[in-house]
Amino acid sequence: MGIGGIGGLDREAHVAEGTGAAAAPRTLAEALRARGDEGLAALLRARPDLLNPVPNDLTQLATRAGTRGSVVRALERLDRFALQTAEALAVAPDPAPYPVLLALLTGDEGDAEIEAALPGAVALLREQALVWGEDDRLRLVRTARELLSPSPQHPSPTGLGPTVAEATSGMSPGRVQEIIAAAGLPATHDPVSAVAALTGLFTDRARMGAFLDGAPPEALAVLDRLVWGPPYGEVTANPAPPVRWLRDRGLLLPVSARTMVLPREVALHLRGGRAHRAPEPVAPEVAVLREHRPQVVDGAAAGQAYTALATVEELLKSWGEGGPQVLRAGGLSVRDLRRTAAALDVTEQVAAFWLELCHGAGLLASDGEADERYAPTPAYDDWLDLPPAERWARLVAPWLASTRTPGLVGGQDAKGRALSALGPDLDRAAAPEVRRRVLGLLATLPPGAAADPETLFARLRWERPLRGAAAGPATESPGPGPALPDDLRSRLARWALAEAELLGLTGRGALSAPARALLNLPLAEAASPADEGGGVEESVAAERAATLLAPLLPEAVDHVLLQADLTAVAPGPLRRPLADALAVLADVESKGGATVYRFTPGSVRRALDSGLAASDVHAFLAAHSRTPVPQPLAYLVDDVARRHGHLRVGAASAYVRCDDDTVLGEILADRRSAALGLRRLAPTVLAAQADPAALLEGLRAMGYAPAAESAEGDVLVTRADAYRTPARTAPVPVPDGPPAPDATLLNAAVKAIRAGDRAATAVRREPAAPTPAGSLPRTSSAETLATVQAAAMTGSAVWIGYVNADGAASQRVIAPVRVEGGFVTGYDHTADEMRTYPLHRITGVAELADDQV
């Protein structure tokens with residue numbers, strides 16, 4: 001349909017309203033009042049900010065739905081086509097008939113996809129109270145129209161400018177007459193009819209086509225540059241002839257001394273009636289990059305899940321005696337992050353992810369002491385006692401809901417300060433939604449299929465175009481191909497894909513079966529986006545995911561293979577007691593499918609320091625090795641045990657004593673002992689200026705095996721005592737607006753709003769003394785008592801004014817059932833429950849009309 005039909009259709013709509021549309025809603029509140037309970041619940045579900053607090057009635061709900069903050073939040077959650085529909089309504093006549101809206105989106109040539117998708121987009125806008133009215137009078141709420149309408153300060157996303165009437169509003173009548181004369185139109189008696197004549201020319205497709213056929217080619221070139229926006233252009237004091245030709249005929253209209261604008265009607269004619277250059281009625285599909293067998297995907301994901309558990313355990317074990325200090329501003333220093341990354345053999349960005357994951361799961365926190373440090377929490381010990389699959393579920397479930405974004409670590413905040421791991425300012429409210437959406441889109445692909453990231457990002461941008469509008473420039477792609485978008489949602493999506501692979505939710509880029517269970521998605525076939533957040537509780541979903549993962553994880557073994565080169569090979573994950581004991585006796589040399597441990601003099605001495613004897617070490621090795629204990633390892637244990645404790649270090653500042661004075665002489669003669677400040681006190685005793693711990697480390701570095709002793713002269717057993725923070729709760733995600741209401745809250749809210757609306761709109765019988773509009777009814781105490789007693793006897797409802805103990809006044813409709821002791825008890829239609837009110841707090845009472853509640 002051409003744009004030339006706009007005026008006629010609009011007039012027809014007005015005629016229809018005057019003849020047979022008396023019941024059509026006149027306000028948004030009336031439109032909401034005509035909805036059923038399901039319609040109100042759908043609105044509150046889509047826009048939960050309207051529930052805080054629950055509106056008193058539908059008028060208040062409509063007012064709140066039209067506030068700027070709420071409308072902006074609702075627009076941000078629209079998909080691209082619904083947003084384009086709202087943008088088209090913002091440049092259409094108000095109100096706009098449905099055919100006019102359709103013409104703005106399809107243009108002259110029509111578009112079957114748009115025609116099929118538009119009813120759904122309009123229904124979505126109606127459901128969210130952004131559009132109201134019947135199809136013959138569609139109205140965009142005023143705040144949304146103000147946000148989306150064209151203006152010099154805020155250009156319309158459509159690229160359209162103001163209408164002829166808007167652009168000529170401040171123009172002199174003589175100038176308007178000059179324009180219509182240059183356009184070949186007859187003179188009129190007033191500017192209003194002149195503007196209407198010019199608008200009629202520009203919206204008449206045939207006349208406008210003939211009019212432009214006579215334009216100079218250079219003038220048409222100027223229009224071509226402005227047609228898709230921006231519609232504004234600067235001109236000189238003496239414009240070029242093509243611009244002057246357009247200006248004289250109203251095809252360009254001045255908005256200032258140096259700026260001209262292309263009127264909306266002209267642009268729509270040149271565009272063929274389209275408000276948008278490229279309407280997108282259909283969501284872009286997520287393409288398949290590669291396909292694997294589902295069993296391969298699940299196996300790869302399970303292997304990565306096992307690696308994730310091992311990494312978390314290694315990280316927290318290394319911080320088990322007290323981790324790095326907390327920065328004064330919060331978070332971890334860059335140096336400590338580097339050390340952690342080197343210890344885990346990962347990049348700093350990945351190390352930041354593991355730290356944030358442990359923190360989000362409640363396994364890691366600061367101890368809160370004066371010299372504040374990071375350390376594992378008591379929950380970490382409980383986590384270690386769980387089966388591996390349940391430990392994995394305890395990690396990934398908090399990750400899904402966390403608003404922490406470790407991908408930001410290393411960047412800067414708005415004030416130019418560095419963002420540190422575990423520090424403030426890493427919360428991004430959109431992160432949980434993006435993570436779930438990314439995994440949900442992966443679930444729409446066939447099992448075992450990995451998504452093409454570029455098409456995945458394009459789909460996310462279509463679903464929430466405004467939420468990614470604060471985009472920076474595109475970043476260079478790490479490999480061949482186009483640059484990747486750098487808006488926050490695209491970066492969150494990239495990080496979500498990488499983190500899901502690290503956690504074992506995906507394998508080789510495809511979604512695994514445990515991940516589907518965690519998301520409450522069907523396991524046997526691809527899920528639709530609507531399946532997200534399915535029907536079971538999160539804890540039940542986590543249990544299902546753990547059950548599916550458990551058979552895929554390698555079973556723990558209770559033995560190692562000792563080798564002659566002083567190493568032990570663990571052919572799989574070790575059972576916890578064996579792993580803990582072996583971690584004290586040997587050092588990890590390499591990790592992978594089979595972990596290699598190396599025995600050194602230092603590691604054996606560590607075991608002896610923990611209280612083991614040489615016989616205990618020999619028995620342990622013999623009990624847990626499937627191969628005979630190699631002779632070099634037995635010799636190593638005996639040699640270290642023979643020298644262990646020969647030197648004794650105690651606290652004076654510190655001292656060293658030894659029964660063999662020649663050994664002490666060797667130490668004094670060694671240049672490496674100079675830093676310890678040693679001097680001989682007795683033939684068998686040396687005093688040191690260093691503290692006992694430093695003295696122990698210094699002597700061990702020189703090749704000795706000293707032992708610490710107590711004040712009584714006994715050897716101190718130095719077990720690796722675990723340091724834990726006080727009990728800590730996991731950090732709470734920063735909400736992205738109010739949480740989605742559950743069914744119980746929605747039902748209660750709808751009932752309360754309906755009841756309040758009945759009370760607010762109830763027709764009262766006229767009292768003897770009229771009550772001013774909006775004020776509480778006023779009656780004497782005796783009249784109040786008599787009226788409520790009569791209502792209790794007849795079972796009728798009355799309208800009361802009530803002031804509570806806090807002085808807040810309200811109007812209520814109640815049906816009294818008992819009046820005694822200075823109180824009236826009745827069913828409160830406003831609150832939808834039985835309540836009791838003190839009579840002295842009732843300001844007045846009035847009877848309702850016979851046809852009211």
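Residue numbers start at 1 and run along the sequence shown.
Here the side chain of His359 pairs no donor or acceptor atom with the backbone of Leu355 at under 3.5 angstrom. Side-chain atoms of Thr311 come within 3.5 Å of backbone atoms of Thr307 as a donor-acceptor pair (strictly under, hydrogens ignored). Panel note: side chain Gln128, backbone Leu75; no donor-acceptor pair is recorded below 3.5 Å. Side chain of Glu356 to main chain of Leu422: a donor-acceptor pair is present (N/O by atom type, distance under 3.5 Å, no hydrogens or angles). Within the 3.5 Å criterion, the main-chain N or O of Leu502 finds a donor-acceptor partner in the side chain of Gln304. Put simply, the side chain of Arg77 never gets that close to the backbone of Glu463: no donor and acceptor are under 3.5 Å apart.
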query = Thr567 and Tyr597: side-chain contact (heavy atoms from CB on, under 4.5 Å), yes or no, with the steps?
reply = CA-CA 5 Å; Thr567 60; Tyr597 295 84; over 6 Å; no

Steps toward side-chain contact (heavy atoms from CB on, under 4.5 Å) verdict (Val617, Leu585) = CA-CA 8 Å; Val617 176; Leu585 186 56; 3.8 Å; yes

request  = Decide side-chain contact (heavy atoms from CB on, under 4.5 Å) for Thr340 and Leu344; before the verdict, give the C-alpha distance in whole Å, the side-chain angles of both, and the deciding distance to 0.1 Å.
outcome  = CA-CA 6 Å; Thr340 303; Leu344 297 178; 4.1 Å; yes

ask   = Yes or no on side-chain contact (heavy atoms from CB on, under 4.5 Å) for Glu543 and Glu390, after CA distance, side-chain angles and deciding distance?
value = CA-CA 7 Å; Glu543 291 177 7; Glu390 292 185 26; over 6 Å; no

request  = Quick one: do Asp609 and Arg700 satisfy salt bridge (Lys or Arg N to Asp or Glu O under 4.0 Å)? Show the steps, please.
outcome  = CA-CA 13 Å; Asp609 285 344; Arg700 286 169 178 168; 2.8 Å; yes

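Note on residues 500-515: pairs passing side-chain hydrogen bond (donor to acceptor under 3.5 Å, both in side chains), not counting sequence neighbours, are Glu501-Thr506.
In this structure, Leu505 and Ala515 approach most closely via the heavy-atom pair O-CB, 3.2 Å. Looking at every heavy atom in both residues, Leu426 comes nearest to Ser420 through CD1-O, 3.4 Å. The two residues Leu337 and Ala352 have their closest heavy-atom pair at CD1-N, 3.9 Å. Here the closest heavy-atom approach between residue Pro48 and residue Pro741 is recorded as CB-CD, 3.7 Å. Across all their heavy atoms, Gly407 and Trp495 have their closest contact at O-CZ2, 3.4 Å. Scanning both residues, Leu439 and Ala500, for their nearest heavy atoms gives CD2-CB, 4.1 Å.
By the 4.5 Å heavy-atom criterion applied to side chains, Arg80 and Arg461 are counted as neighbours. Counting heavy atoms from C-beta on, the side chains of Pro324 and Arg335 never come closer than 4.5 Å. The shortest distance between side-chain heavy atoms of Arg435 and Trp399 falls below 4.5 Å. Looking at Val560 and Leu582, their side chains come closer than 4.5 Å, going by heavy atoms from C-beta outward. When side chains are defined from C-beta on, Thr595 does not count as touching Ser590, because their heavy atoms never get closer than 4.5 Å. In this structure, the side chains of Leu621 and Leu562 come closer than 4.5 Å at one or more pairs of heavy atoms. Inter-residue side-chain proximity for Tyr306 and Leu549 is flagged as unmet; no heavy-atom pair is nearer than 4.5 Å. Here the side chains of Glu314 and Ser318 are not in contact, with every heavy-atom distance at 4.5 Å or above.
To the nearest 0.5 Å, atom CZ of residue Phe457 and atom CG of residue Leu441 are 11.0 Å apart. The CZ atom of Arg47 sits 3.5 Å away from the OG atom of Ser70 when rounded to the nearest 0.5 Å. Residue Leu364 holds its CG atom at 14.0 Å from CH2 of Trp354, rounded to the nearest 0.5 Å. To the nearest 0.5 Å, atom CG of residue Leu44 and atom CG of residue Leu745 are 8.5 Å apart. Atom CG of Leu289 sits about 11.0 Å away from atom CG of Leu456, to the nearest 0.5 Å. To the nearest 0.5 Å, the span separating OG on Ser402 from CZ on Arg428 amounts to 12.0 Å.
Considering Arg605, Arg598, Arg606 as possible partners of Asp587, the one that fulfils the salt bridge (charged side-chain N to carboxylate O under 4.0 Å, His left out) test is Arg606. With Arg491 as the fixed residue, the side-chain contact (heavy atoms from CB on, under 4.5 Å) test singles out one of Val434, Leu408, Thr405: Leu408.
In this structure, a donor-acceptor pair under 3.5 Å is absent between the side chains of Thr377 and Arg724. Asp367 and Tyr723 are linked by a side-chain donor-acceptor pair at a separation below 3.5 angstrom, with hydrogens and angles left out of the test. Checked by atom type, the side-chain pair Thr403/Asp427 shows a donor-acceptor distance below 3.5 Å.
With respect to Arg575 and Asp580, no salt bridge is recorded, no charged nitrogen being found less than 4.0 Å from a carboxylate O. Ion pairing of Glu433 with Arg464 is present here, as a side-chain N (NZ or NE/NH1/NH2) and a carboxylate O approach within less than 4.0 Å. A salt bridge is absent between Arg373 and Glu369; no separation between the charged side-chain nitrogens and carboxylate oxygens falls under 4.0 Å.
Remark: His292 pairs with no residue by the ring-ring contact (aromatic ring centres under 6.0 Å, His included) rule, at least two apart or across chains.
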Could you list the donor-acceptor pairs under 3.5 angstrom formed between side-chain atoms of residues 391-398 and any protein atom two or more places apart in sequence or on another chain?
from   : atom 1 : to     : atom 2 : distance (Å)
Arg391 : NE     : Leu386 : O      : 3.2
Trp392 : NE1    : Leu503 : O      : 2.7

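Atom CD of Glu589 has more than 12 heavy atoms from other residues, nucleotides or ligands within 6.0 Å.
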